[in-house]
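Below you'll find the structure, written out as structure tokens, and then a few comments.
Quick note: residue numbers are just sequence positions, from 1.
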Amino acid sequence: MLPEVFGVNAWVRSVADRLAAHGHPALAVPLFARTAPDLELAYETSDLAQGRRHKDATTTEQILADVAAAVSWIGGRCPQAAIHVVGFCFGGHAAFLAATLPGVEHAFDFYGAGVSRMRPGGGDPSLALLPEVMARLTCVFGTADPLIPAEDRGAIRAALRKADPAGERLRSVECVGADHGFMCEARSSFDPQASAQGWRLLLGDVPAV
């Protein structure tokens, strides 16, 4: 599980606990361990600014190295497990990148902004890495998210459709009317209906609770 710019905070731990309660042991990966190993921020403007500073200091290579280490760690303990990567916000963008890693079965990018516009640390937009994605990939966006406007969602949707016309491995899901951060109960943008939809995607046929 890859967190938002707010680090491994109480909400991130609650999601890991909820996944575990459904029989999916979860490991939260601190994406900013190099600059702030114990980062745990609240959903406040000042904390957002702090988190973004650490985000801007994080590169794609670092993200992939950290997720690869986590995949290896889990694989060593649960060798038969299908490993899914779930990310939110910046963690969603990171999950998109992680879909290129061997050993990842399915990556869920929840409202990862900038995928079609930039890449952490520089270079072509992360969307250009789509040919390297061998895992299943689900990108989930809210249609009222100002950080991922219709142009960006359209670019991602078109790229996924071109790479997988049947939509069996690569898919984009839009939650109508949902804002950025709609999965998080601790944020003012929390959307119960969109969150339930997101949980249904994560848990498959298991009803969201």
May I ask whether L137 and M134 are part of the same hydrophobic cluster, defined by side-chain heavy atoms of I, L, V, M, F, W, Y residues being less than 4.5 angstrom apart, directly or through others? no
So OG of S172 and CD1 of I156: to nearest 0.5 Å the spacing works out to 7.0 Å
In short, G91 meets L31 closest at the heavy-atom pair CA-CD1, 4.0 Å
Interatomic distance, SG@C78 vs CD1@I83, rounded to 0.5 Å, equals 8.0 Å
Aromatic plane relationship, F108 with F110 - under 30° parallel, 30 to 60° tilted, over 60° perpendicular: parallel
Any donor-acceptor pair under 3.5 Å linking the side chain of H54 with the backbone of F32?
no
Note: A68 and L101 closest approach over all heavy atoms is N-CD1, 3.8 Å
- request: Check whether any side-chain heavy atom of D66 lies under 4.5 Å from a side-chain heavy atom of R34, and answer yes or no.
  value: yes
Hphob cluster co-occupancy, I74 + V85, side-chain heavy atoms under 4.5 angstrom:
yes
query: In terms of hydrophobic clustering (I, L, V, M, F, W, Y; side-chain heavy atoms under 4.5 Å; direct or indirect links), are V173 and I148 co-clustered?
result: yes
_Does this structure show an ion pair linking E4 with K55, if we count only N-O contacts that are shorter than 4.0 Å?_
no
| message | Whether the side chain of N9 engages the backbone of L41 through a donor-acceptor N/O pair (distance < 3.5 Å, no angle test) should be reported. | response | yes
In this structure, CD of Q62 is separated from CG of L97 (nearest 0.5 Å) by 12.0 Å
query = Is there a side-chain contact between E44 and L48, using heavy atoms and a 4.5 Å cut-off?
reply = no
So do the side chains of F88 and F182 get within less than 4.5 Å of each other, counting heavy atoms only? no
Intermediate values then yes/no, side-chain contact (heavy atoms from CB on, under 4.5 Å), Q197 and V140
CA-CA 10 Å; Q197 182 180 355; V140 188; over 6 Å; no
To the nearest 0.5 Å, atom CE of M183 lies from atom SG of C175 at 8.5 Å
- [ ] Indicate, with yes or no, if V104 and W73 share a hydrophobic cluster defined by side-chain heavy-atom contacts under 4.5 Å among Ile, Leu, Val, Met, Phe, Trp and Tyr.
- [x] yes
Exercise for review: State whether the side chain of R117 and the backbone N or O of P125 hold a donor-acceptor pair below 3.5 Å, judged by distance alone.
Suggested key: no
Check your understanding: What do the steps show when you test D124 against R119 for salt bridge (charged side-chain N to carboxylate O under 4.0 Å, His left out), and what is the final call?
Key -> CA-CA 6 Å; D124 293 335; R119 185 182 302 184; 5.1 Å; no
Are side-chain N/O atoms of H180 and S189 paired as donor and acceptor at under 3.5 Å? no
Taken to the nearest 0.5 Å, the spacing of R169 CZ from R136 CZ works out to 10.5 Å
- prompt: Can E174 and R153 be said to form a salt bridge (charged side-chain N to carboxylate O under 4.0 Å, His left out), step by step?
  reply: CA-CA 9 Å; E174 294 193 349; R153 299 195 307 273; 3.1 Å; yes
task = Please report the C-alpha distance between M1 and V12 in whole Å, then the side-chain angles of each, then the deciding distance to 0.1 Å, and finally whether the side-chain contact (heavy atoms from CB on, under 4.5 Å) criterion is met.
result = CA-CA 8 Å; M1 180 178 167; V12 169; 3.6 Å; yes
| task | Check whether any side-chain heavy atom of W11 sits under 4.5 Å from a side-chain heavy atom of F6, and report yes or no. | result | no
Could you tell me if the side chain of V133 sits less than 4.5 Å from the side chain of L170, heavy atoms only? yes
Closest heavy-atom pair, L27 versus A70, reported as atoms and distance to 0.1 Å, is CD2-CB, 3.9 Å
Note to self: Please determine whether side-chain contact (heavy atoms from CB on, under 4.5 Å) holds for the pair L203 and H24, giving the CA-CA distance in whole Å, both sets of side-chain angles, and the decisive distance to 0.1 Å.
What the structure shows: CA-CA 9 Å; L203 299 174; H24 306 294; 3.9 Å; yes
Tightest non-hydrogen contact, residues G177 and A144, listed as O-CB, 3.7 Å
Please tell me whether D179 and Y111 have a donor and an acceptor in their side chains that are separated by less than 3.5 angstrom.
no
Scanning both residues in full, the closest heavy-atom pair of A42 with D47 reads N-OD2, 2.7 Å
- Is a side-chain donor or acceptor of S116 paired with a backbone partner of A155 at a separation under 3.5 angstrom? no
What I want to check is whether the side chains of T138 and R171 have a donor and an acceptor closer together than 3.5 Å.
yes
Given side chains that start at C-beta, do those of P120 and H93 come closer than 4.5 Å, heavy atoms only?
yes
All heavy atoms of P146 vs all of P149, minimum pair found to be O-CD, 3.9 Å
ask   = Should C184 and F190 count as side-chain neighbours, where that means a heavy-atom distance under 4.5 Å?
value = no
Just do the side-chain contact (heavy atoms from CB on, under 4.5 Å) check on L160 and C139 with the steps written out, would you?
-> CA-CA 9 Å; L160 297 181; C139 298; 4.2 Å; yes
Around atom CD of E185, are there more than 12 heavy atoms from other residues, nucleotides or ligands closer than 6.0 Å? yes
Q) With no hydrogens and no angle check, is any side-chain donor or acceptor of E132 less than 3.5 Å from a backbone partner on L129? A) no
Quiz item: Is the side chain of R13 donor-acceptor paired with the backbone N or O of V8 at a distance under 3.5 Å, no angle test?
Solution: yes
For this session: Ignoring hydrogens and angles, tell me if any N or O in the side chain of D109 forms a donor-acceptor pair with the backbone of A95 under 3.5 Å.
Result: no
Note to self: Between F141 and D152, is there a side-chain heavy-atom distance shorter than 4.5 Å?
What the structure shows: no
